[in-house]
Amino acid sequence: MTRPLTEPPGGVLMWLIVALELVTFAMVFTLIGVLRMQQPALFHAGQAALSSTVGLVFTLLLITSGLLAAEAVHAYRLTRTHRAQRFLFAAIALGLAFVAFKLHDTAGHLAAGHRLGVDDFWDAYFLGTGFHLAHVLVGLVLLSVVAFRLHRARPPELETVAAVALFWHLCDLAWFFLFPLFFARA
Amino acid sequence: MRLLTWAALVGLAGVAVASGRPFVAVSLGGVKALLVGFEFMELRHAHRLHLALFSAGIVALTALLAFLVTR
Amino acid sequence: MKFQSQKVAWGFFATCMLLFTLQIVYGFIMAFAHAGFDGLHQWIPFNTARASHTNLLVMWMLSGFMGAAYWIIPDETDRELAWPKLAWAQLIAFVVVGVTALIGFHFNWWEGRKFLEIPRPLDFLVVADVLLFIANIGWTVWKSPKKSTTSMVLFFGLLAAALLYLPGMIPTDNQTVDSFWRWWVVHLWVEGVWELIMGAILSYLLIKLTGVDREIIEKWLYVIVGFTFLSGILGTGHHYYYIGTPRYWLMVGGVFSALEPLSFLGMAIYAFAMAKKGGRTHPNRVALLWTVGCAFMSFVGAGFLGFAHTIPQVNMYTHGTLVTAMHGHMAFWGAYAMLILGIITYSMPLLTGRKLYEHVTAGFAFWVSNVGMVAMTLAFAVAGVTQVVLERRVGMDFLTVQKEISVHFIGLILAASLFTLGAAAFIWNFIRYGMPNAPVTGVAVAKE
């Protein structure tokens, strides 16, 4: 099945938002890449303080949550509302776990004296991952609003659920590039 | 398909960490982004132009970042 | 016009015309001073002229927004203003505060903080006055069963604008901290909540003038305005580059302010598309010209020219030079001045019952003022780039450079004369419309 040009999966509005967000994130990644190129020693030192295992845990939480959101959309399309809601709640739970783990990790960094304003590496790290975290939080709010409304008298349309899931996948996409820029090291 | 995509994403993430090379990790990040776009974002079912635009954007971004991290 | 109380809009629009005229006069005083003819220096030194020029701009923008709100809100909510007499009193108070401030500037009664020079006691009066205005339109919207998206966006935009005046009043004796808060007012106004007001007025004008369905215009226009608004919030960072704030503002400001042109481009394309879609049915063609022109010129002036010097690496050289004046003139003209002149052009025939939009001065005002503004922007650009090269690259002394570039201000004066010709045609047209005395056709009258 191929959809017409005017009806991308998830709706025109959310795709406009996602496209703009991707442009924004692309600018952020490019900036980080350029800083990394200009100051290799600083980035090397900074990355030594980051654990790639922690990075992998973040990735796994996000992609698993993404899978659950995609399953929820699929279930909702088949009008299996209960199943869709369970999947959405599971996706939200993993998203919350991401936020909790992120806050825990950030607290550790702050205790170690890594904070905004120390140098370009930590500025880039906190601003880059902070911008991503802001999107995760917005995504969680959107997912929750939709999840709690599935059983209302006037349930959300399929496109609304798909749109919210689409925003949630955007958070995955952004993380896929933040991850190698900060956590991968030789 | 969704489950397979998820398994592929997990595998690629593991490979990226294991290799430890920024170039490999960025390239695999691009592959992961395309997988999420095709399957989770359902672009596989979208108009071909949408699919093409998305893929072109991700490939361009991946190429730019891969270039920057190898400098 | 539909409602009796909409007449108060005329009072605000007339104030606009008066302040606009004065603003142009002070602009000329400065241009002549730059060109070497500073004969008025003893009475109106450059700093006074500068403060008057920018504050008159802010005052007439606010006056225009208030007039627009007093015109649009009754129309959108389908009822008379809650307190029409209060609106007139609030206009008089506004003018009194403005005139006091303007006279004060000439006796060195000012704060010396760029764009917010009004002395502190008058700040409180401004806040009180704006609160009365907010209460008036807020109560009107609240009492009406009809709450259109446009009236809500307009109301919340104006409310947020009023609240954002407060950070500028935070007391501090640190120059950097003061600048930090000052930009909350200035930037979060012009690149933040004023854009909500702009979106509401633009959407009202497009709905009225193109005849395209309200649902279509409201939905997509507010999406675009939302993007502009969101990128504008963190775009505040582009004022924090080299003023003593932490280094990470370079990243924040650079990324987000570089995004702003995108949404301005979207707005321009959208306005063109709607104008095309709606056809040429509305007789007030020149009002549509101002409306679409506003969307286009705000993209060029605010979006494109803003982008030209918003990247930190460029701004390191252009910060605080005439390059900023280049951007500032066309940005304010395109985004806000043209918008206000647009709502005036739309509402005057309805207020006065005279159809002067067919008169030759109406179209003349639009084209001549715009060509003049483009020429002014070019003159500023040439002077600004020369200043940057001589002062920041060659390393010449500030005043030596000012002397070197004074010749460019002859060009600026010529361009500004053309602009003034257009502005004069607009004001002449405004005067010829006369007082508001069109028959009232609203629901309240029909009931009697």
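All chains are named by letter (A, B, ...) in the order of the sequence lines, taking the proteins before the strands, and each is independently numbered beginning at 1.
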The interface call for F23(B) against chain A, heavy-atom contacts under 4.5 Å, is neither
Side chain, backbone, both or neither: which part of T59(A) has an atom under 4.5 Å from a heavy atom of chain B?
side chain
F29(A) versus chain B, heavy atoms under 4.5 Å apart: side chain, backbone, both or neither?
both
Mind running side chain to side chain contact (heavy atoms under 4.5 Å, CB included) on V36(B) and F176(A) for me, showing each step along the way?
CA-CA 10 Å; V36(B) 166; F176(A) 291 157; 3.4 Å; yes
Contact part of L53(B) toward chain A, heavy-atom cut-off under 4.5 Å: side chain, backbone, both or neither?
neither
T53(A) versus chain B, the contacting section by heavy-atom distance below 4.5 Å:
neither
Looking only at heavy atoms and a cut-off of under 4.5 Å, which of L43(B), L34(B), L64(B) has the most pairs with chain A?
L43(B)
If we only count heavy atoms from C-beta on, is the L173(A) to F54(B) side-chain gap below 4.5 Å?
yes
Name the region of V73(A), side chain, backbone, both or neither, that has any atom closer than 4.5 Å to a heavy atom of chain B.
side chain
Can you say whether A26(A) sits under 4.5 Å from chain B via the side chain, the backbone, both, or neither, judging by heavy atoms?
both
Closest non-hydrogen atom pair between F40(B) and G66(A), with its separation:
CE1-C, 3.8 Å
Stepwise side chain to side chain contact (heavy atoms under 4.5 Å, CB included) test for H169(A) and M41(B):
CA-CA 7 Å; H169(A) 298 314; M41(B) 288 176 157; 3.8 Å; yes
Report which part of I32(A) has an atom under 4.5 Å of a heavy atom belonging to chain B: side chain, backbone, both, or neither.
neither
Considering only heavy atoms, which portion of P4(A) lies under 4.5 Å from any heavy atom of chain B: side chain, backbone, both, or neither?
backbone
Go through the steps for R36(A) and V69(B) under the test side chain to side chain contact (heavy atoms under 4.5 Å, CB included), then give the verdict.
CA-CA 7 Å; R36(A) 181 192 167 106; V69(B) 294; 3.8 Å; yes
Between L65(B) and chain A, which part of the residue has a heavy atom less than 4.5 Å away: side chain, backbone, both or neither?
side chain
Among T30(A), L181(A), L170(A), which residue forms the greatest number of heavy-atom pairs with chain B at distances under 4.5 Å?
T30(A)
Are the side chains of E42(B) and R77(A) in touch, meaning some heavy atoms are under 4.5 Å apart?
yes
Any donor-acceptor pair under 3.5 Å linking the side chain of H50(B) with the backbone of L5(A)?
yes
Should we count CZ of F148(A) as having more than 12 external heavy atoms under 6.0 Å?
no
With only heavy atoms counted, which part of W15(A) is less than 4.5 Å from chain B, the side chain, the backbone, both or neither?
side chain
H82(A) atom NE2: more than 12 heavy-atom contacts under 6.0 Å:
no
Around E157(A), counting heavy atoms of other residues, nucleotides and ligands shown, do more than 12 lie under 6.0 Å from its CD?
no
Name the member of R71(B), K32(B), R2(B), R48(B) that forms the most heavy-atom pairs with chain A at distances under 4.5 Å.
R2(B)
Once you round to the nearest 0.5 Å, how far does CG of D172(A) lie from CG of L35(B)?
12.0 Å
With rounding to the nearest 0.5 Å, note down the distance linking CE in M27(A) to CG in L61(B).
12.5 Å
For F177(A) and I58(B), work out which heavy atoms get closest and say how close.
CZ-CG2, 4.3 Å
